[in-house]
J.: 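Below is one structure. I have some questions about it.
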Amino acid sequence: MHRLFHENNRCIFNITMDYIKITFRIESDADYLNDIMMADLGEIGFESFEETSRGFNAFIPADIYDKANLLRFVNDFTNDNNCNIQYREETIADQNWNTIWEQNGFEPIFIDRQVAIYPTSAKSTIPSSEFKYNIELNPVQAFGSGYHDTTQMMMRFILSEDLYGKTVLDMGCGTAVLAILARMNGAQYVDAIDIDHWSTENAVQNIELNHLTDIQIVLGGANSIAELRRKYDCIFANINRNILLNDIEKYVAALKPDGKLFMSGFYSEDIFLLDKAANELGMQRTSTCESNNWVAAEYRFRV
């Protein structure tokens with residue numbers, strides 16, 4: 001597994017190991033199955049994912065890869081979702097993933113002339129004075145560089161909120177880009193939770209890169225919310241439809257009476273399912289954003 005250590009007070013990943021790369025293609029009319037399958041694969045040890053034009057790639061450390069376990073998983077998923085899955089595997093030789101990332105990084109992202117997100121390698125090229133918020137980010141394959149439509153919509157929600165002095169939860173934080181922006185935009189304290197240890201380690205690194213305090217990173221799932229014993233003014237959950245539906249009750253229970261819940265990671269045809277779940281918990285949708293059929297929605301308690 002990835003080990004986190006410190007060198008001159010800088011958070012570094014010691015990531016040098018062989019990986020198995022599985023290239024998946026799901027034959028189905030249900031586009032959302034990719035998201036569900038990636039979430040389920042995370043439960044059996046896969047650590048990162050890369051979307052392709054015909055499916056996605058999944059990566060798992062070679063020392064924990066179990067071919068028979070993957071075959072069982074694929075058979076069960078195929079039967080449960082009435083789809084056909086094709087996949088192939090290859091070994092990715094031992095590499096220093098930090099070095100590769102530092103060499104390649106990602107193209108800088110700009111959100112409404114207010115936010116600039118960029119890798120360390122591009123820092124010197126960004127006219128930082130032109131943006132209200134500048135976020136230095138090294139995702140190390142964790143979800144949330146800012147490119148995805150859902151991430152950008154959630155960032156716009158954060159920018160539209162008066163977060164000064166408020167408590168915020170970033171659920172399924174990935175790189176912690178939403179937690180970082182919320183803190184920069186005035187939030188007094190932010191909790192950020194993710195079930196993937198790779199993501200939480202990377203989140204710590206990104207927070208340090210941006211010299212921020214009062215952001216707590218927690219490794220765990222939705223049950224961790226109650227364990228924190230905190231009430232939130234705003235909760236941002238950018239995950240996927242099934243996880244949102246399964247955990248929404250835990251989100252709502254952690255909100256203050258006038259709190260707001262923001263959710264994304266689902267398609268426009270699924271919003272009625274989120275509305276129904278929220279309504280049953282005494283909440284109603286008050287704002288909606290849509291981009292390329294992806295949806296982000298704001299919910300508040302009914303008056």
Side-chain angles (χ1 to χ4, degrees), residues 31-32 34-40 42 48-49 51 56 109 111-112 115 117 135 137 139 141-161 163 168-185 187 190-196 198-200 202-203 206-207 215 217-222 224-225 232-248 250-252 254-255 259-268 270-271 273-275 277-278 283 285 287-299:
D31 294 338
Y32 59 80
N34 278 351
D35 294 326
I36 296 173
M37 189 170 177
M38 283 188 276
D40 290 347
S48 63
F49 304 92
E51 292 185 319
F56 65 91
I109 302 159
I111 309 293
D112 300 339
V115 182
I117 306 171
I135 300 176
L137 203 67
Q141 295 189 357
F143 178 81
S145 65
Y147 271 109
H148 200 275
D149 295 275
T150 60
T151 308
Q152 294 192 20
M153 288 188 291
M154 292 293 261
M155 295 182 79
R156 290 188 172 97
F157 270 133
I158 290 173
L159 291 170
S160 68
E161 285 294 305
L163 295 180
V168 170
L169 171 63
D170 177 5
M171 191 67 212
C173 65
T175 60
V177 65
L178 298 184
I180 289 169
L181 181 59
R183 183 75 178 93
M184 288 181 171
N185 196 34
V190 182
D191 287 323
I193 300 174
D194 202 289
I195 200 168
D196 177 11
W198 192 346
S199 293
T200 55
N202 184 223
N206 291 324
I207 290 164
I215 300 178
I217 303 298
V218 178
L219 175 62
S224 300
I225 302 173
Y232 299 97
D233 295 288
C234 294
I235 294 177
F236 296 89
N238 183 19
I239 311 179
N240 68 53
R241 185 196 67 176
N242 283 8
I243 293 177
L244 293 172
L245 290 172
N246 186 68
D247 295 340
I248 187 172
K250 296 181 176 68
Y251 307 154
V252 173
L255 281 170
K260 302 176 184 179
L261 172 61
F262 301 87
M263 296 188 292
S264 192
F266 54 93
Y267 295 109
S268 57
D270 296 324
I271 195 166
L273 294 171
L274 280 301
D275 285 351
M283 304 197 82
R285 176 159 47 100
S287 184
T288 310
C289 295
E290 185 172 345
S291 179
N292 294 319
N293 205 39
W294 290 101
V295 172
E298 172 191 357
Y299 293 87

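Every value quoted in this text rests on a predicted model; they were computed, and no experiment measured them.
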J.: With sequence neighbours left out, what residues match D149 under salt bridge (Lys or Arg N to Asp or Glu O under 4.0 Å)?
T.: none

J.: Quick one: list whatever passes side-chain hydrogen bond (donor to acceptor under 3.5 Å, both in side chains) with K260, sequence neighbours left out.
T.: E161

J.: Would you mind listing every salt bridge (Lys or Arg N to Asp or Glu O under 4.0 Å) that reaches into residues 168-178, with sequence neighbours excluded?
T.: none

J.: Who passes side-chain hydrogen bond (donor to acceptor under 3.5 Å, both in side chains) against S160, sequence neighbours left out?
T.: none

J.: As an exercise, state the distance from OG1 of T151 to CE of M155, rounded to the nearest 0.5 Å.
T.: 8.0 Å

J.: Residues two or more places apart in sequence or in another chain: which of them pass side chain to side chain contact (heavy atoms under 4.5 Å, CB included) with N240?
T.: D35, A39, N242, I243

J.: Using the side-chain hydrogen bond (donor to acceptor under 3.5 Å, both in side chains) criterion, which residues pair with N34? Sequence neighbours excluded.
T.: none

J.: Can you name the salt bridge (Lys or Arg N to Asp or Glu O under 4.0 Å) partners of D233, sequence neighbours left out?
T.: K256

J.: State which residues pass salt bridge (Lys or Arg N to Asp or Glu O under 4.0 Å) with D275; sequence neighbours excluded, sorted by chain then number.
T.: R285

J.: Can you name the residues that form a ring-ring contact (aromatic ring centres under 6.0 Å, His included) with Y299, not counting sequence neighbours?
T.: none

J.: Once rounded to the nearest 0.5 Å, what's the spacing between atom CG of N292 and atom CE of M153?
T.: 8.5 Å

J.: Taking only residues two or more places apart in sequence, or in another chain, which ones meet D270 in a salt bridge (Lys or Arg N to Asp or Glu O under 4.0 Å)?
T.: R241

J.: Can you name the side chain to side chain contact (heavy atoms under 4.5 Å, CB included) partners of N246, sequence neighbours left out?
T.: none

